[in-house]
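Right, one structure below, let's go through it.
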Amino acid sequence: MEVQCCHAQKNKKHYLKFNGGYPERSIFHLAGSDREYAVNYFFSIGCEGGKTIEKTWSIIRDERVFPSWLVPLADELGGDIFAYSLRASEEGAIYYYSHEFEYGENPEKYVTFLAQDIDTFLDSLTPDDE
């Protein structure tokens, strides 16, 4: 399956340099909150094996529970997803999507803004102390 979407310029640079993998620094602390998010794996693009955007995109689109304005970027061990926005007003902004909701609920309620772009997001990651 080919993913047909646009990628913010900064996201393209990230993928050209890394194209997926486990991050060295994986913890994101949400400003003004005690909440922290743990990046498990950044999805790759166009690779045969492993976790890819194409495979993830196919699954979440088939389930019709993932907001259409988001593109999967990475996952958390529990199955939640880090994603970036396709909205023109905030293209490339990073969000966290929690899949923990009841059928029939609006999944948009489970989307949390994290950073204005991938560079800010990546620069904010800290090492996992465990």
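Basis for what follows: all heavy atoms, side chains included, without hydrogens, waters or symmetry-related copies.
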Which heavy-atom pair separates [X] from [Y] by the least distance, and what is that distance?
{"X": "Ala93", "Y": "Phe113", "result": "CB-CE1, 3.9 Å"}
{"X": "Asp123", "Y": "Arg25", "result": "O-NH1, 3.7 Å"}
{"X": "Asn40", "Y": "Pro23", "result": "O-CD, 3.5 Å"}
{"X": "Ala74", "Y": "Val39", "result": "CB-CG1, 3.8 Å"}
{"X": "Ser85", "Y": "Glu90", "result": "OG-OE2, 3.0 Å"}

Find the distance between [atom1] ([X]) and [atom2] ([Y]) and round it off to the nearest 0.5 Å.
{"X": "Asp75", "Y": "Ile81", "atom1": "CG", "atom2": "CD1", "result": "7.5 Å"}
{"X": "Ile27", "Y": "Asp128", "atom1": "CD1", "atom2": "CG", "result": "4.0 Å"}
{"X": "Ser124", "Y": "Asp119", "atom1": "OG", "atom2": "CG", "result": "10.5 Å"}
{"X": "His99", "Y": "Phe66", "atom1": "NE2", "atom2": "CZ", "result": "12.5 Å"}
{"X": "Ser26", "Y": "Leu77", "atom1": "OG", "atom2": "CG", "result": "9.0 Å"}

Kindly indicate whether the side chain of [X], heavy atoms from C-beta on, has any atom under 4.5 Å from the side chain of [Y].
{"X": "Arg87", "Y": "Ser89", "answer": "yes"}
{"X": "Leu86", "Y": "Leu70", "answer": "no"}
{"X": "Ile118", "Y": "Ile94", "answer": "yes"}
{"X": "His29", "Y": "Asp34", "answer": "no"}
{"X": "Leu114", "Y": "Phe28", "answer": "yes"}
{"X": "Glu76", "Y": "Tyr97", "answer": "no"}

Under 6.0 Å from the six-membered ring centre of Tyr96 and within 45° of its axis: does the NZ or CZ of Arg35 meet both? yes
Near-ring test Tyr95/Phe82, centroid separation under 6.0 angstrom: no
